[in-house]
Peer 1: 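Questions regarding the structure given below will be posed in turn.
Since we're looking at a predicted model, the values are computed, not measured. Just so we're on the same page: letters track the sequence lines, and every chain starts at 1. Below, all heavy atoms of this structure are taken into account, side chains as well, without hydrogens, waters or symmetry copies.
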There are 2 protein chains.
Amino acid sequence: MSEETRQRILTKGAELIHRQGYNNTGIKQILDAAQVPKGSFYFYFGSKEDFGLAVVEYHEALFRDRVMQILIQGEGGPLTRLRAFFEYFRAFFAEAGYCLGCPIGNLAQEMGDLSPIFQQRLEKSMRGLTRVISRVLAEAGGLGELPEGLDPGETAMFMVEAWHGALARMKVAKNAEPLDVCHKMLFERLLG
Amino acid sequence: MSEETRQRILTKGAELIHRQGYNNTGIKQILDAAQVPKGSFYFYFGSKEDFGLAVVEYHEALFRDRVMQILIQGEGGPLTRLRAFFEYFRAFFAEAGYCLGCPIGNLAQEMGDLSPIFQQRLEKSMRGLTRVISRVLAEAGGLGELPEGLDPGETAMFMVEAWHGALARMKVAKNAEPLDVCHKMLFERLLG
C-alpha cells in the first residue's frame, strides 16, 4: 500500500470517468489503466462510490488551482479575470477536440438522481464554484462595473449553468460554436 | 412480433434511459419492465445502439407535440409563447421532483464522445430544437420585440444551452432555483 499507488488509481480513474462516465467505467478498467494488480482497489477505497467521491475531490483540487491562478491572482480587474477564466477553459476544450466537458457537470447530470451521496457532494461542489464567481462579480459590482439590478449570486449561478449546457452541446457539435455563443451572450449581452 | 410490443419496449426503455442513463440501462432490464420475453429484443431492434436512436426519435416526437401545442399554436405573441414553453417544462420538472432532466441533453452529455452515430443524431436533434426557437425569436424580431443586435439563431442556441445546464444543476440542487434563475436571466435580462 502506498500513497503513490492510490494517487495513480485516482488519476487514471478520474481520467476514464471524465471521458466515458461513472457507470460506464469499471473498477477493472481503472486498475488496468493504473497498472495495479486486480484486487488491490479495496485496499485504497472502501467502495466504487467512495472512489467516485475521491474523484470529485481530485477535480475540485485541480479546479481550485485554476481559480487561484486566474480568477483570484490573475491580472486585471474582476471582469477581465472572469473573462480570462472562461477563455482558459475554452482553450482547454479546443485543445481536447471539443470532448470531455466539465467533470463535475457531467457527474451532476449522470449521478444527481442515482445516488443521494453523490447528489449532495456535487451540489456542494457546484455551490462552491458558484460562490467563487459570485465574489468576483460582487467585486465588479463594487467598482460599478455590473449592469444595474444584476445580482452577483444569481448571475454566477446562471453563468455556470449556461457554460455547463454549452459544454454538453459542444460534445455533439464537436466545434467551438456553443462555447463562443455562450461566451458572447454572457460577456457582451448579460454583463456588457 | 407486433407493433404494440415494439412500442411497449420503446416506451419503457425510453423511461429507464431518461431516469438512469443509456450505458447504465441493460437490455434485460428494459425487457423486464416491458414484460416482454428475454430474447425478443433483437426481433424489434438490430442492436442496443439502434434502440438508442429509436429512443431519440421517440423523445423528439413527444417534444414536437409540445412545440406545436405551445410554441406554434399557443396563444399570444412570440415572446409570450416562448415564455409559456419554458414554463411548461419548469412545471413538468417541479411535478417530477426536480429529477430526470432533458432526455436529449442527457444523451448529448453521456454519448457525445462515445459514439459518432449518437453524436451526429443528437447534434441534428439539438439543431432542430434550436431552429424552432430561432424562428419564434425571428418572429419577435420582426415585431420589434427583440433587443437590438440580438441574433435569433445565436440567442436560440444560448437559451437551449443555458436551460440544459440549469437542468443538470437542478438534478443536484433538487429544487426549482436553477430553473427560476435561468428563466429570469433569459427573459428579464437577455430578452427584457
Peer 1: Show me the pairs that pass salt bridge (charged side-chain N to carboxylate O under 4.0 Å, His left out) and involve residues 32-57 of chain B, at least two apart or across chains.
Peer 2: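 Salt bridge (charged side-chain N to carboxylate O under 4.0 Å, His left out) check on residues 32-57 of chain B returns B:K28-B:D32.
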Peer 1: Given that the side chain runs from C-beta out, which part of B:S125 has a heavy atom under 4.5 Å from chain A: side chain, backbone, both or neither?
Peer 2: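 Neither part; nothing is under 4.5 Å.
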Peer 1: Identify whether the distance between the nearest side-chain nitrogen and carboxylate oxygen of A:E177 and A:K184 falls below 4.0 Å.
Peer 2: no
Peer 1: So which of B:G105, B:G21, B:P178, B:P147 has the largest heavy-atom pair count under 4.5 angstrom toward chain A?
Peer 2: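 Most heavy-atom pairs under 4.5 Å with chain A: B:P178.
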Peer 1: Determine the option with the most heavy-atom pairs under 4.5 angstrom with chain B, choosing from A:R189, A:M159, A:E123.
Peer 2: A:R189
Peer 1: Does any heavy atom of chain B fall under 4.5 Å from the side chain of A:Y98, the backbone, both, or neither of them?
Peer 2: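 The backbone, not the side chain.
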Peer 1: Please check if the distance between the ring centroids of A:F118 and A:Y22 is under 6.0 Å.
Peer 2: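 Ring-ring flag for A:F118/A:Y22: true, centres closer than 6.0 Å.
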Peer 1: Among B:N106, B:L100, B:L190, B:L122, single out the residue with the greatest number of heavy-atom pairs under 4.5 Å to chain A.
Peer 2: B:N106
Peer 1: Quick test of your reading: applying side chain to side chain donor-acceptor pair (under 3.5 Å), list the pairs with at least one residue in residues 160-176 of chain A, sequence neighbours left out, ordered by first then second residue.
Peer 2: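 Residue pairs with at least one partner in residues 160-176 of chain A: A:R169-B:T130, A:K171-B:Q109, A:K174-B:D113.
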Peer 1: Under a 4.5 Å heavy-atom cut-off, does chain B meet the side chain of A:R121, its backbone, both or neither?
Peer 2: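 Neither part.
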Peer 1: Which answer fits A:K124, side chain, backbone, both or neither, if we ask what part of it has an atom under 4.5 Å from a heavy atom of chain B?
Peer 2: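 For A:K124, no heavy atom lies under 4.5 Å from chain B.
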Peer 1: May I ask you to name which of B:E148, B:M111, B:M170 has the most heavy-atom pairs under 4.5 Å with chain A?
Peer 2: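 Most heavy-atom pairs under 4.5 Å with chain A: B:E148.
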Peer 1: How long is the span from the CD1 atom in B:I9 to the OG atom in B:S40, to the nearest 0.5 Å?
Peer 2: 5.0 Å
Peer 1: Could you measure the distance from the CD atom of A:E154 to the CG atom of A:L150? Nearest 0.5 Å is fine.
Peer 2: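 So the gap between those two atoms works out to 8.5 Å.
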Peer 1: Flag the pair B:F51 / B:Y44 as yes when their ring centroid distance falls below 6.0 Å, and as no otherwise.
Peer 2: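 Distance test on ring centres: not under 6.0 Å, no.
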Peer 1: Can you tell me which of A:A173, A:A166, A:A168 forms the most heavy-atom pairs within a distance under 4.5 Å of chain B?
Peer 2: A:A166
Peer 1: For A:L107, is it the side chain, the backbone, both or neither that has a heavy atom under 4.5 Å from a heavy atom of chain B?
Peer 2: neither
Peer 1: Using a cut-off of under 4.5 Å for heavy-atom pairs, which of A:E110, A:M126, A:E188, A:M185 has the most such pairs with chain B?
Peer 2: A:M185
Peer 1: Aromatic rings B:F63 and B:F89: how do their planes relate, parallel, tilted or perpendicular, breaks at 30° and 60°?
Peer 2: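 The rings of B:F63 and B:F89 lie parallel, inter-plane angle below 30°.
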Peer 1: Could you check which of A:R127, A:Q120, A:Q119 has the highest count of heavy-atom pairs closer than 4.5 Å to chain B?
Peer 2: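 Result: the option with the highest number of such pairs is A:Q119.
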Peer 1: What part of A:P116 is in contact with chain B, defined as an atom under 4.5 angstrom from a non-hydrogen atom: side chain, backbone, both or neither?
Peer 2: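 When you check distances to chain B, no heavy atom of A:P116 falls under 4.5 Å.
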Peer 1: Applying the 4.5 Å side-chain criterion to the ILVMFWY set and letting contacts propagate, would A:L129 and A:V56 be lumped into a single cluster?
Peer 2: no
